[in-house]
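So that the names make sense, note that chain A is the first sequence line, chain B the second, and so on, each numbered from 1.
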Amino acid sequence: PAVAPPAAPQPPPQTQPTRAQTPREFRYLVRMDTTEPIAYDPTDVEAKWQRTWAERGSNQVNIEQAERPFYALMMFPYPSAEGLHVGNLFAFTGSDISARFHRQAGYNVFQPLGYDAFGIHSENYALKIGAHPMELTPKNVANFQRQLERSGLMVDWRHKVDTSQPDYYRWTQWVFLQMYKQGLAYKKAAAVNWCPSCKTVLANEQVQAGACERCGSTVEQRFLEQWFFRTSEYAERLLRNLDWLDWSEVTRSAQRNWIGRSEGAEISFVVEQHDAEVRVFTTRPDTICGATYLVLAPEHPLVDLVTTSDRIDAVRAYQERTKRQDLVSRKTVLEKTGEFTGAFATNPASGARVPIWIADYVLMDYGTGAIMAVPGHDERDFEFAQTLAGAFESACGMTQAQVIVRVVASGEEDASTPLDAAFAGSGADARLVNSGAFDGLSVAEGKAAITASLEAKERAKAVVNYRLHDWCVSRQRYWGPPIPIVYCDSCGTVPVPEEQLPVVLPFIADFKPDDSGVSPLARHAEWFNVDCPACGKPARRETDVSDTFLDSAWYFLRYPSATRDNVPFDLDITARWLPVNSYIGGNEHAVLHLLYSRFVTMALKDGGHLDFEEPFTRFRAHGLIIRDGAKMSKSKGNVINPDEYVVEWGADSFRTYLMFLGPYQEGGDFRSQGISGVRRFLDRLWGSVRDARRDGDPDPDVMRKLHQVIRKVGEDIPALAYNTAIAAMMEYMNVLRRSERTAHVAEVEPLVQLVAPFAPHLAEECWATLGYAKSVFDSGWPVWDAALAEESTIEIAVQVNGKTRGRVFVPADAIQDDVLAAALGEPTIAKFVTGEPKRVIFVKGRLLNVIA
RNA sequence: GCACUCGUGGCGAAAUUGGUAGACGCGCAAGCCUUAGGAGCUUGUAGGGUAACCUGUCCCGGUUCGAGUCCGGGCGAGUGCACCA
């Protein structure tokens with residue numbers, strides 16, 4: 001599948017900006033006392049331009065007819081009660097700069113924003129303060145809206161979405177129904193992660209080291225009827241497409257890890273005295289002759305069948321013990337436990353008699369729920385064998401077998417036995433032994449040969465497994481979109497007809513979750529009692545709501561069509577704008593939101609609703625902002641409130657500083673002091689624009705620097721190298737200031753255009769001051785002129801024997817002999833050259849290296 | 001344990017295909033201007049040395065005329081995944 005990367009923005013033909021005919025209307029913002037520094041008042045300037053943009057509809061794009069559409073997406077925030085976090089602003093500003101740049105470069109840029117307002121966050125907070133989420137959320141949204149509008153983002157607010165509003169979640173429910181229709185949504189009783197504090201089921205992705213990622217409570221295992229999406233069916237596609245997606249490597253690798261593809265084999269071991277076989281999954285079929293026992297997951301269905309009568313009590317007790325065990329101990333306790341079933345099976349390769357155990361280090365939900373244990377070559381099996389050595393001796397007298405040896409440097413085998421650790425090597429230094437006909441093979445050869453040999457006997461087949469599980473989308477909570485399903489005694493499970501959507505979330509005062517395992521909605525008969533859409537008889541609504549991540553898994557499809565109320569997304573509009581050209585966001589969503597969004601897009605494509613399967617052609621993960629070397633947290637008291645800084649320094653300075661403090665994709669350290677340097681730069685910019693002369697000619701030396709900086713900024717912004725773009729502009733400002741004469745208009749005008757994506761309000765103010773009526777964002781992107789940027793005299797570094805000894809200034813087109821002559825003419829360089837140079841290396845425009 | 005990203009002044013950080021290490025900014029120092037200044041302006045600022053010079057990009061090797069950059073091996077940090085066979 002070839003999707004062309006987004007074309008590098010080509011500046012449109014430069015049009016001559018028209019001078020304003022009207023007199024300047026803005027207030028003079030500088031205190032005219034000459035002893036005062038040049039400084040502008042961002043409070044007035046920013047308010048003025050935000051008003052002007054709103055009045056002019058400057059941020060609006062023609063959705064139906066845009067000729068050069070560019071969809072710039074940023075991750076929408078969850079509207080917390082605390083308000084906008086500096087991390088939000090860092091993310092948004094970086095996206096906004098890219099969007100504004102593309103606009104100046106001639107694209108019709110659509111940059112929407114909205115609110116991920118449903119979810120446990122909001123609900124838990126409402127519970128905590130004794131409020132109702134349906135009342136609290138709009139307040140939080142309003143507060144966010146106020147803060148966002150002050151930060152100067154070029155957002156087309158006509159396309160705002162709010163996932164908690166019926167006109168949005170109506171279509172979230174529609175997405176659910178498409179999944180259901182396509183057989184991708186199903187219900188099953190499953191062991192699920194249950195958070196006893198949040199009183200809800202969590203997706204695997206929301207469990208961190210056995211604890212709830214939201215509240216930190218120990219997660220328990222429960223068996224509940226749940227709705228799932230078949231994400232695992234898409235595992236291979238989700239993995240494969242990562243190869244060609246233009247995404248940050250960190251994000252791709254996180255997804256690869258999460259999908260967790262493993263190639264191996266399923267191998268059957270026949271159980272003695274039963275007409276049954278244990279199927280195991282292994283990635284190391286080459287070690288099969290070292291498989292000295294089998295282990296089933298405690299809940300494996302074969303356990304009841306094979307367990308011998310003398311072992312039945314112990315096995316049952318073990319099953320009970322592990323069933324009740326919560327996931328924390330399952331995931332973190334390293335001590336291996338297990339129980340012998342009394343049964344034996346036959347190793348299909350070696351013919352050896354192997355005992356069958358159960359142990360909770362084998363997971364029922366991966367592979368076949370059973371393994372062949374190779375203590376000689378697997379650390380976990382080794383540990384199990386060590387821990388239970390006594391039991392082994394008495395139960396079945398098993399031994400460890402060595403079937404892979406390390407080949408030491410001399411080519412000899414390192415046959416140290418007995419093993420004191422598992423040797424898990426599989427590279428060039430490993431070779432098969434004690435494996436009959438397969439001795440001497442490498443691991444890779446052994447895998448292939450043994451699998452083929454067992455396949456011939458119908459005892460094995462090559463398989464691929466994924467760690468990716470199906471997505472559990474049910475939540476036994478209140479603050480989410482009700483799942484649009486009705487249960488009818490006659491008709492069974494009935495999807496709500498699309499024309500009856502939305503299934504509106506009712507306002508209920510009592511929305512607190514309880515321990516019952518059912519949603520609070522299940523306590524409201526007046527809501528869940530409904531007539532069956534199919535037969536009209538009394539029926540019952542599904543009372544679970546769906547996972548918040550379903551809301552955000554398709555919101556990018558909604559934005560362009562957000563003004564349409566009859567379809568989730570308009571086909572023409574979608575064809576024009578999607579897939580998203582540029583998505584910028586935090587990598588904390590690498591495996592949750594971004595994977596689900598890809599899955600939903602693929603599923604909708606398969607359902608015939610879309611004609612592309614990857615939603616985000618280009619994704620860039622931004623870094624994290626820390627404060628004075630430490631992560632920001634309430635307990636440390638080092639959380640930044642953007643409002644304070646915006647009031648003190650202005651949104652433009654704050655934005656620009658956030659972009660300047662480090663490489664955007666790596667994040668950086670926020671130091672309160674640092675912002676002053678950026679503000680100084682903007683003040684100076686304002687000063688030179690205000691005082692710019694129109695008489696005389698621009699200085700050619702300054703113009704040369706100007707064209708160099710135009711080039712630099714134009715290259716840096718698409719690469720998200722915002723910090724160096726700003727540095728280059730500062731450098732140019734220093735050139736201007738050190739120039740003998742007051743800056744000429746021609747020397748500052750393009751700089752205003754360059755700075756506009758970073759400091760949009762000030763740029764507009766400057767642009768108006770320069771006499772333009774139209775917005776600077778419709779003025780184009782300055783064109784870099786190679787001829788004007790070229791230096792006539794250049795500096796060449798001179799090395800002698802690879803050591804830098806000085807520099808010479810020569811004409812730009814100087815050839816090697818000229819440079820060499822110039823270099824040898826410098827006594828400080830010549831003194832290191834004794835006799836005739838043996839060799840001379842010349843890199844044009846850069847360096848001369850004389851080997852003496 | 002596995003994967004990814006990354007180790008450069010007092011600090012945040014720059015550095016095209018390998019080609020003048022430390023741009024830009026903070027901080028600091030000196031000076032100017034001020035009744036005053038957490039303002040503004042000028043200059044300096046990797047370390048050592050009066051100087052010529054010498055030493056310097058986490059450590060050890062390698063490739064190269066030349067390595068912060070490439071290769072091999074360590075050490076350290078951050079993030080993600082993790083009893084996934």
Legend entry - N/O (side chain, A/Ser262) to phosphate O (OP1/OP2, B/A85) under 4.0 Å: yes
Inset, instruction - For B/A23, take OP1 and OP2 only and decide whether either is under 4.0 Å from a side-chain N or O of A/Asn734. - result: no
Legend entry - Near-ring test A/Phe758/A/Phe681, centroid separation under 6.0 angstrom: no
Legend entry - A/Trp357-A/Phe384 aromatic ring centre distance below 6.0 Å: yes
Legend entry - A/Ala727 or A/Asn849, whichever maps to the more 5' nucleotide of RNA chain B: A/Ala727
Classify [X] by what it touches in the nucleic acid, base, sugar-phosphate, or nothing, heavy-atom distance under 4.0 Å.
X	answer
A/Glu588	nothing
A/Val840	nothing
A/Arg805	sugar-phosphate

Legend entry - Donor-acceptor pair (no angle test) under 3.5 Å: A/Lys838 side chain, B/C65 base: no
Legend entry - No-H, no-angle donor-acceptor pair, A/Glu666 side chain to B/U5 base, under 3.5 Å: no
[N]: pairing nucleotide in any strand, Watson-Crick or G-U under 3.5 angstrom:
N	value
B/A3	B/U79
B/A39	none
B/G44	B/C28

Legend entry - Nucleotide B/G40, atom C1' - distance to CZ of A/Arg680 in whole Å: 9 Å
Legend entry - Sub-4.0 Å heavy-atom contacts from residues 248-256 of chain A onto RNA chain B, ordered by number: A/Glu249, A/Val250, A/Ser253
Inset, instruction - Among B/G12, B/G19, B/C83, find the nucleotide with the atom closest to the side chain of A/Leu363. - result: B/C83
